[in-house]
Amino acid sequence: MSKDNQILEEFTSKEYEHGWSVNYEADEAPIGLNEDIIKWISAKKEEPQWLLDWRLKAFKAWLEMKEPEWANVHYPKIDLQALRYYSAPKQDKKPKNLDEIDPELLQIYERLGISLNEQKRLQGIAVDAVLDSVSVGTTFKDTLSKLGIVFCSFSEAVQEHPELIKKYLGSVVPMTDNYYAALNSAVFSDGSFCYIPSGVRCPMELSTYFRINAANTGQFERTLIVAEDDSYVSYLEGCTAPQRDENQLHAAVVEIYAAKNAEVKYSTVQNWFPGDKNGKGGIYNFVTKRGICAGDNSKISWTQVETGSAVTWKYPSCILKGDNSVGEFYSVAVTNNYQQADTGTKMIHIGKNTKSRIVSKGISAGHSQNSYRGQVQVMKRATNARNFSQCDSLLMGSKCGAHTFPYIDIQNSTAMVEHEATTSKIGEDQLFYCNQRGISSEDAVALIVNGYAKEVLNQLPMEFAVEAQKLLALTLEGSVG
Amino acid sequence: MLTIKNLHASIEGTPILRGINLEIKAGEVHAIMGPNGSGKSTLASVLAGREEYEVTEGEVIFKGKNLLDLAPEDRAREGVFLAFQYPVEIPGVSSTNFLRTAVNQVREYRGLEPLDAVKFLSTMKEKMKLVEMDQKLLSRSLNEGFSGGEKKRNEIFQMAMLEPTLSILDETDSGLDIDALKIVSNGVNKLKSPETASIVVTHYQRLLDYIIPDFVHVLYNGRIVKSGSKDLALELEEKGYDWIKEEVDTASV
């Protein structure tokens, strides 16, 4: 066995860091999916009738829909009737503040390196912690509310700010948008809600940390971010799940609404369990993320570092409706072993002088398949629209695949659309050069990959960038064959 | 310091080195010369541990250790440095970041504390002077868009930072104009000490005007066929390699 193969072998037998799970007493819905289950979830959350009606409408629509098959991913059909759609830690009463949260739950997050204790936390990031189907706590609520910022769990927002939810829920991603979005609309359990009023610049990073703990349970959360005129917010999302032999489904919906002159930055570091080295287990991550630059001069920026999940199907998109609005998509997607990722973005130019920028960096190792799928659409009245796309693929070893599927649809002759693509391989020469300077192969790969992904990593908030760099290194250590 | 005994190496089944014997002591500079395809660069690569080459026979002892048993990174950490003929580009990784990783991994292996940022930068500034390295280059991606001369200077700069005991310069003079050649040689000479040794692989004697060797060896067909003093290099410059080839070819008939 060559040295490189040995390293590959060692690495791939390395365990997923967040693969542990905790036994807690859970409040669970019966297994299966039907109208009664949806009513059960809605009742559990004490939802108003209009929301239940909305869910049921989505469910009816979903029943008529077919699972999409156009993505370049292959997996056995999921038996949606074998899943549980709600699982939550049992709590005697709803915690009113962080002090009332069950310490055992807090410990789960401590172990993930996320402290929900405000004193212990670095100032500058507020966290909403979602465990399986519910939000267990949100930090810095008081600090934020003084500025008029609402940052809470979705369920809480339904109770406290029904007018906002009613107005914006499904306004960016309609309930019938696609198969998984419809499913999510019917059964979503919790998630985060964030509202930044006019003229407010959110002073700290807002963050949601999703953790799947229960087995056989799908996680269907919903995030809704509304940024009013002249406001700014930077939002972070992190996710992990226990290591289990069966596949688990995560089908989330994220909606972002940016009004005039508003700017929203959304960053994700996705680290769901990717399955073991033989491709067994892992999360199916089928997510719909979309933002609308509704007002003039608004801006939405997506940054994602995708390292986990067995199968990823995800296209964070921007609808550039306001004139002079800007959409950005920065992505690093890493696949190793038998992971499959089909990810990219859609930039829909509707307003005049709208601009979009796409930087996608795919890294494939092992037997994995990594696809970039992107759409740039310039509508008739989008005069002077500009798009720049750059799609790079890095291959490690000879058994993986990288694919690029760009779609470009231009209906206005003043548009300027540029597309650049490269494919490269981590060379033996680069590795040997690093080795010859005393750098181990594992660190050399980390160095080379981080250099390759630098343009995207630079977009992440500082603290996150460091995490992401470590994660990239961890996901790919020595995976050179 | 370095003893090479009957070293045979091949690439994809084709033998390149066919029995190299060489003894290098601390403080010495050895020049390896020879016609194209004689195995000069192969020797440098085999010593550094490049995987494509398979060692089929012989041994290499470096500071009492069997060098061939060590992984390339461990050879580097033990003090073997190869200045590449074609330095590799690594996009997105600054020279500074690259070197800091390298220096600290080498230090760790040698049981030393890692250098903190301040200490590292001041060491870097000091060593940069040796090869008149422009600081701007060091914040750019490693070797990316560097001119031939800048790449070679960067090699010697890295050598200065890593403080090796045995430096192997593989055709460091190729692609250098006379000014760059002087700067690079000057750097190498300043790094010379009684504790260190160098192997200078070159095609031309020109480099040896600046880096004066103690011994000159001629490599031909994978063997050292002639050894001598600096004068041998001058003789080669004057007469070419043909007379040596003839001598060897006649002898082997």
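The basis for the numbers below is simple: all heavy atoms, side chains too, and nothing from hydrogens, waters or symmetry mates. Values in this document were obtained by computation on a predicted structure and should not be read as measured data. Protein chains get the first letters and strands the later ones, always in sequence-line order, with residue 1 at the start of each.
Of the two parts of B/P87, the backbone and the side chain both hold a non-hydrogen atom closer than 4.5 Å to a non-hydrogen atom of chain A. Neither the backbone nor the side chain of B/E108 comes within less than 4.5 Å of any heavy atom in chain A. In this structure, the portions of B/V80 lying under 4.5 Å from any heavy atom of chain A include both its backbone and its side chain. Proximity to chain A is limited to the side chain of B/L142, based on heavy atoms less than 4.5 angstrom apart. For B/Y109, no part lies near chain A; criterion is any non-hydrogen pair under 4.5 Å.
With rounding to the nearest 0.5 Å, the separation of CG in A/L447 from OG1 in B/T101 is 5.0 Å. Summarising the geometry, atom CD belonging to B/E51 is positioned 8.5 Å from atom CG belonging to A/N435; distances are rounded to the nearest 0.5 Å. Taking CD from B/E73 and CD1 from A/I439, the interatomic distance works out to 10.0 Å, rounded to the nearest 0.5 Å.
Within the 3.5 Å criterion, the main-chain N or O of B/P72 finds no donor-acceptor partner in the side chain of A/Q436. Between the side chain of A/R437 and the backbone N or O of B/L82, at least one donor-acceptor pair lies under 3.5 Å.
Of the listed residues (B/I90, B/L99, B/V106), the one with the most heavy-atom contacts under 4.5 Å to chain A is B/I90. Ranking B/M159, B/R77, B/R75 against chain A, the residue ahead of the rest is B/R77, based on heavy-atom pairs under 4.5 Å.
Atom CD of B/E52 has more than 12 neighbouring heavy atoms from other residues, nucleotides or ligands inside a 6.0 Å radius. With a 6.0 Å radius and a threshold of 12 heavy atoms from other residues, nucleotides or ligands, B/K119 has its NZ atom at or below the threshold. No more than 12 heavy-atom neighbours from other residues, nucleotides or ligands sit within 6.0 angstrom of NZ on A/K355. Within 6.0 Å of NZ on B/K63 lie more than 12 heavy atoms contributed by other residues, nucleotides or ligands. The environment of NZ in A/K265 is crowded: more than 12 heavy-atom neighbours from other residues, nucleotides or ligands sit within 6.0 Å.
Within the 4.5 Å cutoff, the side chain of B/V88 has no heavy atoms near those of the A/C434 side chain. The shortest side-chain heavy-atom distance between A/I448 and B/V93 does not fall under the 4.5 Å cut-off. Within the 4.5 Å cutoff, side-chain heavy atoms of B/R50 are placed close to those of A/D429. The side-chain heavy atoms of A/Y452 and B/P91, taken from C-beta on, include no pair separated by under 4.5 Å.
Ring to ring, B/Y86 and A/Y433 are not that close: their centroids are 6.0 angstrom or more apart.
Counting all heavy atoms, side chain and backbone alike, A/G438 lies closest to B/A76 at N-CB, 3.4 Å.
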